[in-house]
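Atoms within each ligand, like the ligands themselves, are counted from 1 in listed order.
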Amino acid sequence: MKRVKTALTIAGTDPTGGAGIQADLKTFEERNVYGMSVVTSVVAQNTCGVDAVAHQSVEMIDKQLDCVFRDIMPDAVKTGMIATRDMMVLVDEYLSRFPDLPYVLDPVMVATSGDVLMEEKSREVIRDILIPKATVVTPNLKEAGLILERPIETIEDMTDAAKIFVHALGAKSAVVKGGHLTLDATDVFYDGHKVYYYTKPRIDTKHTHGTGCTYSAVIAAELAKGSPMTEAVQHAKNFIHEAIYYGLNLGKGNGPTNHFAYRLKGVPDNFIDQPLSGGDE
Ligand SMILES: Nc1ncnc2c1ncn2[C@@H]1O[C@H](COP(=O)(O)OP(=O)(O)OP(=O)(O)O)[C@@H](O)[C@H]1O
Ligand SMILES: Cc1ncc(CO)c(N)n1
């Protein structure tokens, strides 16, 4: 019998719904994939920043993972905020049991607001343990720079970085995201053979909270459905572009993106349509 495809996110939370687990689940749903979630850290945050973080114990994360894996096998997994070394080691244990499971690694380190979401000493665990397991790793410029210990600022740097993630660090593929470039929003994808450039015009907005989470969640959903990597990345690029373009104008800081936009080509009829406005009330 045919069954719906499923994706699991292992990540931290955002009660305002723009980033983290909440963004991932909305995105899975928008891509017609059944979403599941394991909470690593409860984060008291909003569009202005992070107020407090409560890490779940490794035992509790283990119990959540066990509940999922012995009941509903995901067709793809994505990880976002995994704050500590011990949490990463645990996640690695599960990934090791299912070596064929598509795994999207978003190496979340710092929120858009600048708040730190991962212990600095965990960086080498991401690099040495999780990256070699990744079907695709999706760093932004800063994360790529911190992991590779060199500045990543230009398209050439991004191309070199994507190749290093694959050839030196052992990821199957890598996409270095250019949301923080100054010109066009170009993302560089390398699959071990060929480099692909995905470019969209930069949208002039401050409402980019959770763009990275949303983007990697699209890739996970597409991989769950069996799409080839290049198509998954193209969907992610189109999805995030529309989600930013048709911004919802919510929040007092860097607002969330519009997770409806890729499906509806805009905002639902009963929303106040204010694309690209600046967050005023
Ligand atoms: N202003 C923008 N205009 C167009 N595309 C953008 C813009 N900002 C980000 N993007 C796109 O959004 C996607 C996510 O990239 P980004 O570099 O912002 O991730 P991130 O920094 O990990 O996000 P987060 O804000 O969740 O930490 C990429 O495809 C990037 O090109
Ligand atoms: C939980 C969580 N993960 C990732 C980000 C990065 O956007 C965030 N702000 N919060």
- Message: Using a 4.0 Å cutoff against the non-hydrogen atoms of Leu117, which atoms of ligand 2 qualify?
- Response: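 Every atom of ligand 2 under 4.0 Å from some heavy atom of Leu117: 4 (C), 5 (C), 8 (C), 10 (N).
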- Can you sort out which atoms of ligand 2 are near Gly12, meaning under 4.0 Å from one of its heavy atoms?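 Listed by number with element, the hits are 1 (C).
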- Message: Could you check whether any heavy atom of Val108 sits closer than 4.0 Å to an atom of ligand 2, since that is the contact criterion I want to use?
- Response: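 It does, in that a heavy atom of Val108 comes within the 4.0 Å cut-off of ligand 2.
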Under 3.5 Å, is there a donor on one side chain and an acceptor on the other for [X] and [Y]?
X: Lys121; Y: Thr84; answer: no
X: Ser216; Y: Lys78; answer: yes
X: Asp191; Y: Ser173; answer: no

- So Ile131 and Ile126, side chain to side chain contact (heavy atoms under 4.5 Å, CB included) or not? Walk me through it. CA-CA 6 Å; Ile131 288 179; Ile126 283 236; 3.9 Å; yes
- Query: Counting only heavy atoms, which portion of Cys213 has something under 4.0 Å from ligand 2: side chain, backbone, both, or neither?
  - Reply: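 Side chain only.
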- Message: Is it the case that over 12 heavy atoms from other parts of the model lie below 6.0 angstrom from the CZ atom of Arg263?
- Response: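 Yes, because the 6.0 Å sphere around CZ of Arg263 holds more than 12 heavy atoms from other groups.
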- Item | Nearest neighbour in protein (non-hydrogen) for atom 3 (N) of ligand 2 |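 Scanning the protein heavy atoms, the shortest distance from atom 3 (N) of ligand 2 goes to Gly20 CA, 3.9 Å.
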- Do the ring centers of Tyr198 and His235 come within less than 6.0 Å of each other?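 Ring centres of His235 and Tyr198 not closer than 6.0 Å.
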- Message: Between Tyr94 and Phe69 (judged by ring centroids, cut-off 6.0 Å), do the two rings come close enough to count as a pair?
- Response: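 Ring centroids of Tyr94 and Phe69 are less than 6.0 Å from each other.
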Please tabulate protein-ligand N/O pairs under 3.5 Å for ligand 1, atom names and distances to 0.1 Å.
unit_1   : atom_1 : unit_2 : atom_2 : d
ligand 1 : 1 (N)  : Ile203 : O      : 3.0
ligand 1 : 3 (N)  : Ile203 : N      : 2.9
ligand 1 : 17 (O) : Gly179 : N      : 3.1
ligand 1 : 18 (O) : Thr211 : OG1    : 3.0
ligand 1 : 21 (O) : Asn140 : ND2    : 2.8
ligand 1 : 21 (O) : His180 : NE2    : 2.7
ligand 1 : 22 (O) : Asn140 : ND2    : 3.4
ligand 1 : 22 (O) : Lys177 : NZ     : 2.8
ligand 1 : 23 (O) : Thr211 : OG1    : 3.0
ligand 1 : 23 (O) : Gly212 : N      : 2.9
ligand 1 : 25 (O) : Thr112 : OG1    : 2.6
ligand 1 : 25 (O) : Thr208 : O      : 3.3
ligand 1 : 25 (O) : Thr211 : OG1    : 3.3
ligand 1 : 26 (O) : Thr211 : N      : 3.3
ligand 1 : 26 (O) : Gly212 : N      : 2.9
ligand 1 : 29 (O) : Asp187 : OD1    : 3.4
ligand 1 : 29 (O) : Asp187 : OD2    : 2.6
ligand 1 : 29 (O) : Lys237 : NZ     : 3.2
ligand 1 : 31 (O) : Asp187 : OD1    : 2.9
ligand 1 : 31 (O) : Lys237 : NZ     : 2.8

- Item | N-O pairing of Lys225 and Glu222 below 4.0 Å |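 Answer for the salt bridge query: yes.
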- Query: Salt bridge check: are Arg85 and Asp92 linked by an N-O gap of less than 4.0 Å?
  - Reply: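 Not counted as a salt bridge, because no side-chain N and carboxylate O are separated by less than 4.0 Å.
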- Is the shortest N/O to N/O distance between Gln45 and ligand 2 below 3.5 Å?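 In this structure, Gln45 places an N or O atom under 3.5 Å from an N or O of ligand 2.
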